[in-house]
2 protein chains.
Amino acid sequence: MLMAGAEFARPIVTVDIVLLTLHEGRLCVALLPRSAEPFAGVPALIGGYLHTDEDADAEAAVRRILKAKAGLEGIFFEQLGTFASARRDPRDWSVSIAYFALVPRGALEGGASPLELRPVDAVGEMPFDHNEIIIAALERLRGKGAYSTIPARLLPEVFTMSELQAIYETVMGERLDQSAFRRKINDLDLLEVVEGEKRQTERARRPTTLYRLKTPVAVFDRRI
Amino acid sequence: MLMAGAEFARPIVTVDIVLLTLHEGRLCVALLPRSAEPFAGVPALIGGYLHTDEDADAEAAVRRILKAKAGLEGIFFEQLGTFASARRDPRDWSVSIAYFALVPRGALEGGASPLELRPVDAVGEMPFDHNEIIIAALERLRGKGAYSTIPARLLPEVFTMSELQAIYETVMGERLDQSAFRRKINDLDLLEVVEGEKRQTERARRPTTLYRLKTPVAVFDRRI
DNA sequence: AGAATAGTGTCTATTAGACAGTATATT
DNA sequence: AATATACTGTCTAATAGACACTATTCT
């Protein structure tokens, strides 16, 4: 039995973020070369130590790290799971609270950071257990994606119905029927119309209604 | 920028388990009086420190704690989420890797431990953020429950179709049509028939086919 | 026979998928 | 008019829900 006040050697605690975005129609993870050993210089998930002196909670650490290392603020993220074992980090027993985050294409441009976008179907060998963490993120996106508006967070705030459908097709890896897709989206009452039209101009096309999500993330019962 | 090897004060890391079972037809959480300060003697979630010297990973810690504190082995559990903040524990910045576990009614009997079963709809005020953790566990059970055989882990290995239906009804909090339920379960091909029959004997009833899950946990697309 | 639960059949309403058709812009 | 995409309508198949019916045991 434990005595009151007895303590144990504490593990390392870090936060790692699987930041996903679309680049040239492919789903990509954002990687950053590690600034310190182990694996210094090797591209890895965006992450860092929990700063117990300044982070109020794990989400605060995520926000701090996203801002400092990728220049991002106000983007969607949610907890993915925690990877904790004696073996995952050569330094010590280590706990990584993993998050997955989505940004619209283009939100990463302009930042002068050495972010690398690597297609998720060709990430290659990653340091630590980052391959495993990325796989968990993809499962989450594909699983929850079909039942929520989470995939829409890969799009800018305002988008067309066709763009939304294309995102779901990419995330779920299958073609969707246009008519059924629109019917479901409308039935679920997720979107509101934004005034203004999008006009396509290479060759000639009918202008498009623009939409915005009514709520940041909606989860529903039915599959898209 | 961080220097190589720079470190930060490490937080406390614990594991907490929301152990759910059925007792008199109601869903209950198993609580244990805390053996040490803070909140010594107060019933709380089953949990404990991660032992970096003996636990290979977080799941090993869960198994160790379930065995030592509740006398349970081989039961279903899965990671729920991690609760990490400066405020959740009066001692220090604290990380709790929370798990949710299901046991059949009766698996808790015999153990002489001071386990208390408290109905989830009347848990009352709990120490730390344990109320929040319990709510997350219930959401998980109700959410994933409708799309998986997880609720069946509240039953013994062999059960009848009616028992299974009753479990889903309790978990999901709604009545289900018997015919539709059986049709879906059969279509999903989740169960195998166990030789032998269950005979009811208070008053007179037709004997029942017994079933077992084909796989420990199956997740499907369709709602039960 | 009667009670009690096990298990089946069937009708109808809803939802999904396929696919063709119409609409509206530019060149 | 031709083209390209936006958007709608409709038919059919699959699934869900309601509900009544039959089956098998014991007393």
Side-chain angles (χ1 to χ4, degrees), chain A residues 25 145-148 152 155-156 158-212 218-224, chain B residues 25 145-148 152 155-156 158-212 218-224:
Chain A
Y147 298 95
S148 73
L155 290 175
V158 169
F159 48 81
T160 71
M161 193 63 92
S162 303
E163 287 165 348
L164 186 64
Q165 183 177 341
I167 287 289
Y168 275 97
E169 289 178 340
T170 302
V171 165
M172 294 163 57
E174 56 180 318
R175 299 305 317 272
L176 300 172
D177 179 81
Q178 194 189 26
S179 173
F181 181 80
R182 295 175 112 96
R183 190 170 49 206
K184 284 185 222 179
I185 295 289
N186 286 329
D187 287 357
L188 289 166
D189 192 31
L190 304 168
L191 307 182
E192 58 189 22
V193 173
V194 176
E195 287 312 310
E197 287 177 340
K198 184 167 189 171
R199 289 191 135 71
Q200 341 284 110
T201 28
E202 6 96 19
R203 217 84 175 99
R205 266 164 293 170
R206 181 176 171 174
T208 314
T209 310
L210 296 175
Y211 298 92
R212 184 197 340 257
V219 179
F220 30 87
D221 226 63
R222 179 163 141 197
R223 219 181 134 75
I224 285 291
Chain B
Y147 297 95
S148 73
L155 289 175
V158 168
F159 48 81
T160 71
M161 194 63 92
S162 303
E163 287 166 348
L164 186 64
Q165 183 178 339
I167 287 290
Y168 276 98
E169 288 178 342
T170 302
V171 165
M172 292 163 58
E174 56 180 318
R175 300 305 317 274
L176 300 172
D177 179 81
Q178 193 188 25
S179 173
F181 181 80
R182 294 175 114 96
R183 190 170 51 205
K184 283 184 222 179
I185 296 291
N186 286 329
D187 287 357
L188 289 165
D189 192 31
L190 303 168
L191 306 182
E192 60 189 21
V193 173
V194 176
E195 286 313 309
E197 287 176 339
K198 182 167 190 171
R199 289 191 131 71
Q200 341 285 110
T201 30
E202 4 95 20
R203 218 86 174 98
R205 265 164 292 171
R206 179 175 174 175
T208 313
T209 311
L210 296 175
Y211 298 92
R212 186 197 338 260
V219 179
F220 30 87
D221 225 62
R222 178 165 139 193
R223 216 181 138 74
I224 284 291

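Just so it is clear: chains get the letters A, B, ... in the order the sequence lines come, proteins before strands, and each one is counted from 1. As the structure is a prediction and not an experimental result, all values here were calculated from the model.
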Separation of B/Leu191 CG from B/Thr209 OG1 (nearest 0.5 Å): 11.0 Å
Phosphate contact (C/dG7 OP1 or OP2) by B/Thr209 side-chain N/O below 4.0 Å: yes
Rounded distance in Å - CG (A/Leu176) to P (C/dG17): 9 Å
Pair A/Lys198 + A/Glu163: basic N to acidic O under 4.0 Å: yes
Integer-rounded Å distance: C/dG7 C1' and B/Ile185 CD1: 15 Å
Inter-residue atom distance B/Arg199.CZ - B/Arg205.CZ, 0.5 Å rounding: 12.5 Å
Closest nucleotide among C/dA18, D/dC7, C/dA6 to the A/Met161 side chain: D/dC7
Rounded interatomic separation in angstrom, taking CG from B/Asp177 and C1' from C/dT10: 12 Å
Selected nucleotide, minimal atom distance to B/Ser179 side chain, candidates C/dT5, C/dC19, D/dC19: D/dC19
Sugar-phosphate, base or nothing in reach of B/Arg182, heavy atoms under 4.0 Å: base
Whole-Å gap separating P (C/dT24) and CZ (A/Arg206): 6 Å
Whole-Å distance separating the CZ atom of B/Phe181 from the P atom of D/dA16: 13 Å
A/Ser162 vs D/dA6: side-chain N/O to OP1/OP2 distance below 4.0 Å: yes
Spacing of B/Leu210 atom CG relative to C/dA6 atom P, expressed in whole Å: 11 Å
Under-4.0 Å side-chain N/O to phosphate OP1/OP2 contact, A/Arg222 with C/dA16: yes
Earlier contact from the 5' end, DNA chain D, for B/Lys184 and B/Glu197: B/Lys184
Value in whole Å for how far the P atom of D/dT15 lies from CG of A/Asp221: 17 Å
B/Asp221 side chain near B/Tyr147 side chain, heavy-atom distance below 4.5 Å: no
Non-hydrogen atoms of B/Glu169 and B/Leu176 that approach each other most closely: OE2-N, 2.9 Å
B/Glu163 CD to C/dT5 C1', straight-line distance once rounded to whole Å: 12 Å
Presence of donor-acceptor pair under 3.5 Å, side chain of A/Arg205 and base of D/dA4: no
Heavy-atom donor-acceptor pair, A/Arg183 side-chain to C/dG17 base, under 3.5 Å: yes
Nucleotide nearest A/Arg199 when distance is taken to its side chain, options C/dA18, C/dT26, D/dT5: C/dT26
A/Thr208 side chain near D/dA6 phosphate (N/O to OP1/OP2, under 4.0 Å): yes
Toward the 5' end of DNA chain C, by each residue's nearest nucleotide, A/Ala180 or A/Pro207: A/Ala180
